[in-house]
Protein chains: 2
Amino acid sequence: MSRTQDELGLLLSRTYLSLKRETSRMLQQFELTPEQFSLIAELDKQDNITQKELADLTEREQTTVTKIVDKLVKKGLVTRGHDPHDRRAIRLQITAEGRDLVKDIKPKIEEIENHAYLGFHQKDIELLHTLIRKLHQNLQ
Amino acid sequence: MSRTQDELGLLLSRTYLSLKRETSRMLQQFELTPEQFSLIAELDKQDNITQKELADLTEREQTTVTKIVDKLVKKGLVTRGHDPHDRRAIRLQITAEGRDLVKDIKPKIEEIENHAYLGFHQKDIELLHTLIRKLHQNLQ
DNA sequence: CTCAAATAGTTGCACATGCAAGTATATTAC
DNA sequence: GTAATATACTTGCATGTGCAACTATTTGAG
């Protein structure tokens, strides 16, 4: 079954690395990495979640999230609070400074995405999202 | 322009990390990382290319490729040869052992991809590839 | 209730990543 | 032909990644 010449892994990694590099360069002025931005952007959407939940949302291991959150706390963008009902768990709060930063960065992320979507119809974008989401589900 | 709820970066990184993790677990029995496999698979397709060309093909910086090739050479899967016409350049050759390894691994990679494509029609797969390739081009 | 298993989190390791700065060679400008 | 620029590659650094092994707490089986 030679469906097309290129493997999924190669296609995905090339595209992911390109997007990540471009995002990384844009984020230098904010002294953030794409991964750090990804986590505070998620906390901006859903505050007061546990590290475990944040790991699941962003498809990373808890251990990875621990280390990135360490850096976000050091930068004053996130605080760690205890869960009153589960003393093992840590709940994360985004600070006002964190929210401001996300607000500043979001339009610049959109610029990059708009450029990536050059020549795409709205239908193409929706289809692409649907297919990628389905891929992701199958890989769970 | 709020096209859909999820950002491209989040979708892409989640899916990429999932696929990479599953591939990584499969490759443990071969003592290879997904990135190492990716490079020798590319060399299996096109032998005797320079590190620069390999970097471009896989969308990585030359510096990253240098380091992964170091490991492949140590494992005896790749050799470095000099370019007779350009003494700066290094040309890479995959060894017989390297080719055998790629041959063994390829069907297992296809298994993972087939699982990822569960519920996809052939048309969906082709469309997905076309859209991702277009994304990648726009990001160049 | 008690003890085993599961869960949330952390730390140490090896590897991937890319930028900055370096060397060596090739190309281009004049 | 020589000097400036570009190119191929390498090394050092900081960060992200996930597995293994660890602690602390909660859940569940009996």
Side-chain angles (χ1 to χ4, degrees), chain A residues 9 12-14 16-40 49-75 78 80-92, chain B residues 9 13-40 49-75 78 80-92:
Chain A
L12 217 51
S13 70
R14 282 195 307 203
Y16 167 77
L17 290 173
S18 290
L19 180 62
K20 185 178 140 182
R21 216 174 313 150
E22 186 162 343
T23 307
S24 172
R25 284 171 187 157
M26 180 277 288
L27 285 174
Q28 277 182 356
Q29 56 184 301
F30 299 101
E31 295 188 328
L32 274 188
T33 65
E35 293 82 3
Q36 289 166 15
F37 172 72
S38 176
L39 293 201
I40 52 170
I49 59 177
T50 65
Q51 287 192 184
K52 162 76 172 151
E53 286 164 344
L54 186 55
D56 289 343
L57 284 167
T58 56
E59 195 64 53
R60 290 180 168 90
E61 297 292 316
Q62 278 188 59
T63 177
T64 304
V65 170
T66 294
K67 290 160 192 173
I68 303 178
V69 168
D70 282 350
K71 295 192 175 67
L72 293 172
V73 169
K74 236 174 242 164
K75 292 181 186 188
V78 167
R80 282 182 162 117
H82 288 292
D83 185 323
H85 304 303
D86 186 342
R87 295 203 295 169
R88 293 169 307 179
I90 285 176
R91 293 203 169 266
L92 301 172
Chain B
S13 70
R14 281 195 309 202
T15 310
Y16 167 77
L17 290 173
S18 290
L19 180 63
K20 186 177 141 184
R21 217 174 312 152
E22 186 163 344
T23 306
S24 172
R25 284 171 186 157
M26 182 276 288
L27 285 174
Q28 277 183 354
Q29 57 183 302
F30 299 100
E31 296 188 330
L32 276 187
T33 65
E35 293 83 4
Q36 289 167 15
F37 171 73
S38 177
L39 293 201
I40 51 170
I49 59 177
T50 65
Q51 288 191 184
K52 162 77 173 148
E53 285 164 344
L54 186 54
D56 288 344
L57 284 167
T58 56
E59 194 65 51
R60 289 179 168 89
E61 296 293 317
Q62 280 188 55
T63 176
T64 305
V65 170
T66 294
K67 290 161 192 171
I68 301 179
V69 169
D70 281 350
K71 297 192 174 69
L72 293 172
V73 170
K74 237 174 241 164
K75 292 181 185 187
V78 167
R80 282 182 163 116
H82 287 292
D83 185 321
H85 304 302
D86 187 341
R87 295 204 296 170
R88 293 168 308 178
I90 285 176
R91 292 203 171 266
L92 302 173

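Worth saying up front: this structure is predicted, and the values here are computed from it rather than measured. Computation of the quantities below employed the complete heavy-atom set of this structure, encompassing side-chain atoms and omitting hydrogens, waters and symmetry-equivalent molecules. Here is the naming used below: chain letters follow the sequence lines, and residue numbers restart at 1 for every chain.
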- Task: Rounded to the nearest angstrom, tell me the gap between atom CZ in B:Phe37 and atom P in C:dA16.
- Result: 14 Å
- Message: For D:dA8 and B:Thr50 - does any side-chain N or O of the residue sit under 4.0 Å from the phosphate oxygens OP1/OP2?
- Response: no
- Query: Does A:Lys71 put a side-chain nitrogen or oxygen below 4.0 Å from OP1 or OP2 of D:dG16?
  - Reply: yes
- Item | A:Gln36 vs D:dG16: side-chain N/O to OP1/OP2 distance below 4.0 Å | yes
- Message: So, OP1 or OP2 of D:dT10: does either fall under 4.0 Å of a side-chain N or O from B:Arg80?
- Response: yes
- Message: If the cut-off is 4.0 Å, is B:Thr66 near the phosphate of D:dT10, judged by side-chain N/O to OP1 or OP2?
- Response: yes
- Of the listed D:dT17, C:dC15, D:dC9, the closest approach to the A:Tyr16 side chain comes from D:dT17
- Verify the contact: side-chain N or O of B:Gln51 to OP1 or OP2 of D:dA8, cut-off strictly under 4.0 Å; return yes or no. no
- Taking the side chain from A:Ser18 and the backbone from A:Arg14, do they hold a donor-acceptor pair closer than 3.5 Å? yes
- For D:dC19, take OP1 and OP2 only and decide whether either is under 4.0 Å from a side-chain N or O of B:Arg25. yes
- Item | Pair of N/O donor and acceptor under 3.5 Å linking D:dG16 base with A:Lys20 side chain | no
- Please determine if a side-chain N or O atom of B:Thr33 lies less than 4.0 Å away from the OP1 or OP2 oxygen of C:dA16. yes
- Record whether the side chain of B:Thr63 comes under 3.5 Å of the base of C:dC19 through a donor-acceptor pair of N or O atoms. yes
- Message: Taking only side-chain N and O atoms of B:Arg60, does any of them lie within less than 4.0 angstrom of OP1 or OP2 on C:dT17?
- Response: yes
- Atom pair distance, as rounded to whole Å: CZ in A:Arg88 and C1' in C:dG9: 10 Å
- Item | Other residues, nucleotides, ligands: >12 heavy atoms within 6.0 Å of A:Glu31 CD | no
- Message: Using the salt bridge (Lys or Arg N to Asp or Glu O under 4.0 Å) definition, which of the options A:Lys67, A:Lys20, A:Lys71 pairs with A:Glu35?
- Response: A:Lys20
